[in-house]
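Only one structure is covered here, and it is reproduced in the block below.
Every chain is numbered from 1, with letters handed out A, B, ... down the list of sequences.
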Protein chains: 2
Amino acid sequence: MLNEQTTAAPRDCGDCPIRHRAVCARCEADELKRLDELKYYRSFEAGQTVIWSGDHMEFVGSVVTGIATLTQTMEDGRTQMVGLLLPSDFVGRPGRDAAAYNVVAITDMVMCCFRKKPFEQMMNETPHIAQRLLEMTLDELDAAREWMLVLGRKTAREKIASLMAIIARRDATLNLAGIDKPIVFDLPLTREAMSDYLGLTLETVSRQISALKKDGVIHLQGKRHVTVPDFERLLEEAGDDSDGGMLA
Amino acid sequence: MLNEQTTAAPRDCGDCPIRHRAVCARCEADELKRLDELKYYRSFEAGQTVIWSGDHMEFVGSVVTGIATLTQTMEDGRTQMVGLLLPSDFVGRPGRDAAAYNVVAITDMVMCCFRKKPFEQMMNETPHIAQRLLEMTLDELDAAREWMLVLGRKTAREKIASLMAIIARRDATLNLAGIDKPIVFDLPLTREAMSDYLGLTLETVSRQISALKKDGVIHLQGKRHVTVPDFERLLEEAGDDSDGGMLA
DNA sequence: CGTTTGGTTGATGGTTATCAAGTCTGGTGG
DNA sequence: CCACCAGACTTGATAACCATCAACCAAACG
């Protein structure tokens, strides 16, 4: 069990990489100052569990760097990922004491944390935080519903293509890469994590990735480095024929 | 195409059956009065489409009576239900113009509606509405994530049992029936709607319901009237072994 | 009555899970 | 430097589960 948590070097909110996307995004200077005094950083190593489902939660916070997963498990071990936490995503639910899910860092990760009580109090006093949290929660709900379609109705091949498309899209917007250019990214997830995401076995994930590669939908260098030569083609494979009818 | 929409008789917020559960639950008297002036009722017949995905949404609102579904479809017709709207549930997303899902009334239904613009303005001015909406959205997100486990990892039999458990639980809390008593309810959904909920075919739904009946987990009178003699047994079948370890 | 809608049941095949080897890669220690 | 090892991944054989196609039933309805 790795239980070490180093407190990362403090950082000014002004320099924060997630300043304009996180729960604090709408805060005014004075509000930000109050948050600044409340906040503390925590670091987690890849593989380390941040919170166990059912545990008492003393803090809420935002992912600053790194990636984490939100998972639910049944007693017999079956596991379903229910959230993928990227930088700026929020962890914890104000007004709830016990964690509902397991949170696991899958890369090294830094979080910006607040003790729950003071954060809740501040939420009641400053509407800008609650407003932003509502917006983020609505976005997460949309993402969860999109995901439900993937889990309930898509084939294994479509599921893999959908996952690649999600990661590709995120990377494309992040790197400001134009469309039409081949998209290149590294898979942040192991085959097993992908299977937990998609409700498949890791063997099926492996087979379908191989199949998409064989069919030229994606190219692989090593196990994780992916090139998408034609994003439209990938979307077709994902069943997201979202060209929207450009032609009459 | 049934496109008639009768405007239901106006009703006072004080008598409203969803007064203390809907988005207006936390409003003070003066806030409620403002909402009262904004609101209007709309009625929908069973089977009628309330909103098509992609349509411009001129209103948001709450389900007052009846049930509706939120569904997503792929071009080839595959359909996944992503939400089940019960009385007090909210429809529409403030700040968004186009509907993201199909909303279909599955029983006769009455909604309490607000034109989107005035509602959004009021949300900005009165934090009580936004607070309640955040709470409701967080609950919906939890429900969606629970549902993702069902869709991704449960067998057909477990899916059916899970659905029965959800409906049974809702009915039990609603009717204040004690546990231990046999739970009795009517399925609000057709076999097809259940299949869209659970990511199955309607034939599989029918077969698994028959199987649960044969094994005595549920009793059926007619196609829709269900009796659950032993709720714990149902939870076991659902894979939700949530006895939580009452015994050392 | 014929028709429609919702539901059940049966036969069959396909997709994906399961069980089982085996490969590749990076890291560690001799 | 190389042997070894562990973890991540791939591939194959088989079988289970569920989808598909099809026939049929019952109630509601015009």
Side-chain angles (χ1 to χ4, degrees), chain A residues 2 45-48 69 74 76-80 104 106-107 150-164 186-215 218 220-226 237 239, chain B residues 2 45-48 69 74 76-80 104 106-107 150-163 186-215 218-226 237 239:
Chain A
L2 292 174
E45 295 174 21
Q48 193 177 353
T69 62
M74 299 168 68
D76 62 8
R78 279 177 282 175
T79 300
Q80 176 65 52
V104 179
I106 61 168
T107 64
V150 173
L151 289 172
R153 292 302 185 192
K154 291 195 178 180
T155 65
R157 184 181 174 100
E158 288 170 334
K159 284 178 174 182
I160 296 292
S162 296
L163 177 58
M164 297 285 176
D186 282 290
L187 288 171
L189 303 174
T190 65
R191 301 291 187 260
E192 188 180 17
M194 289 188 248
S195 73
D196 288 340
Y197 190 105
L198 297 170
L200 299 169
T201 59
L202 66 89
E203 293 95 329
T204 298
V205 169
S206 183
R207 274 186 249 272
Q208 296 299 333
I209 288 179
S210 298
L212 287 178
K213 176 184 172 186
K214 185 166 70 66
D215 297 345
I218 59 173
L220 274 183
Q221 292 182 53
K223 318 283 190 191
R224 302 286 195 93
H225 193 74
V226 178
E237 292 286 353
Chain B
L2 292 173
E45 294 174 21
Q48 194 177 353
T69 62
M74 298 169 67
D76 61 8
R78 281 178 282 176
T79 300
Q80 176 65 52
V104 179
I106 61 168
T107 64
V150 173
L151 288 173
R153 290 303 185 192
K154 291 193 178 180
T155 65
R157 184 182 176 98
E158 288 169 334
K159 284 178 173 181
I160 296 293
S162 297
L163 177 58
D186 282 290
L187 289 171
L189 303 175
T190 65
R191 302 290 186 261
E192 188 180 17
M194 290 188 249
S195 74
D196 287 341
Y197 189 106
L198 297 170
L200 298 169
T201 59
L202 65 89
E203 292 96 328
T204 298
V205 169
S206 183
R207 275 186 249 274
Q208 295 300 333
I209 289 179
S210 297
L212 287 178
K213 175 184 172 186
K214 185 165 72 63
D215 296 345
I218 59 174
H219 301 158
L220 272 184
Q221 293 180 52
K223 319 284 190 189
R224 301 286 194 94
H225 193 74
V226 178
E237 292 287 355

### Task
Check every atom of D:dG12, D:dT20, C:dT16 against the side chain of A:Arg207 and return the nucleotide holding the closest atom.
D:dG12
### Query
How many Å lie between NZ on B:Lys223 and C1' on D:dA28, as a whole number?
13 Å
### Query
Would you find a donor on one side and an acceptor on the other, under 3.5 Å apart, between the side chain of B:Gln48 and the backbone of B:Val104?
no
### Task
Establish, with yes or no, whether the OP1 or OP2 oxygen of C:dT9 is under 4.0 angstrom from a side-chain nitrogen or oxygen of B:Ser210.
yes
### Message
Heavy atoms only, 4.0 Å cut-off, all strands: where does B:Leu202 land among base, sugar-phosphate and nothing?
### Response
base
### Task
Could you pull out the closest heavy-atom pair between A:Met74 and B:Glu158, with the gap in Å?
CE-OE2, 4.2 Å
#### Entry: Nearest-nucleotide 5' precedence on DNA chain C, A:Arg157 against B:Gly222
B:Gly222
#### Entry: Rounded distance (Å) that lies between atom P of D:dA19 and atom CG of B:Asp76
15 Å
### Summary
Whole-Å distance, B:Arg78 CZ to D:dA19 C1', equals 12 Å
### Query
Are any of the side-chain heavy atoms of B:Val205 and B:Glu192 separated by less than 4.5 Å?
no
### Task
From the options C:dT16, C:dG10, D:dA19, select the nucleotide whose nearest atom is closest to the side chain of B:Thr201.
D:dA19
### Task
Assess whether one donor atom and one acceptor atom, taken from the side chain of B:Glu203 and the base of D:dC21, lie less than 3.5 Å apart.
yes
### Message
Measure CG/B:Leu220 against P/C:dG6 and give the value in whole Å, please.
### Response
18 Å
### Query
Do A:Met194 and A:Gln208 come within less than 4.5 Å of each other through their side chains, counting heavy atoms only?
no
### Message
Between D:dG7 and A:Arg191, counting only base atoms on the nucleotide and side-chain atoms on the residue, is there a donor-acceptor pair under 3.5 Å?
### Response
no
### Message
For a quick check of understanding: with a heavy-atom distance under 4.0 Å over all strands, which category does A:Gly199 fall into, base, sugar-phosphate or nothing?
### Response
sugar-phosphate
#### Entry: Sugar-phosphate only, base, or nothing, as touched by B:Thr190 at under 4.0 Å among non-hydrogen atoms
sugar-phosphate
#### Entry: Interatomic distance where CD1 belongs to B:Ile209 and C1' belongs to C:dT9 [whole Å]
14 Å
### Task
Return the value, rounded to whole Å, for the distance between atom CG of A:Leu187 and atom P of D:dT10.
10 Å
### Task
Round to a whole Å and report the spacing from NZ of A:Lys213 to P of D:dC9.
13 Å
#### Entry: Separation of D:dA19 P from B:Asp196 CG (nearest whole Å)
12 Å
#### Entry: Nearest-nucleotide comparison on DNA chain C, the residue closer to the 5′ end among A:Lys154 and B:Glu192
B:Glu192
### Message
What's the closest nucleotide to the side chain of A:Leu200 if the choices are C:dT8, C:dA17, D:dC9?
### Response
C:dA17
### Task
Determine yes or no for a side-chain-to-main-chain donor-acceptor pair under 3.5 angstrom, with B:Ser206 supplying the side chain and B:Leu202 the backbone.
no
### Message
What's A:Arg224 touching, base or sugar-phosphate or nothing? Going by heavy atoms closer than 4.0 Å.
### Response
sugar-phosphate
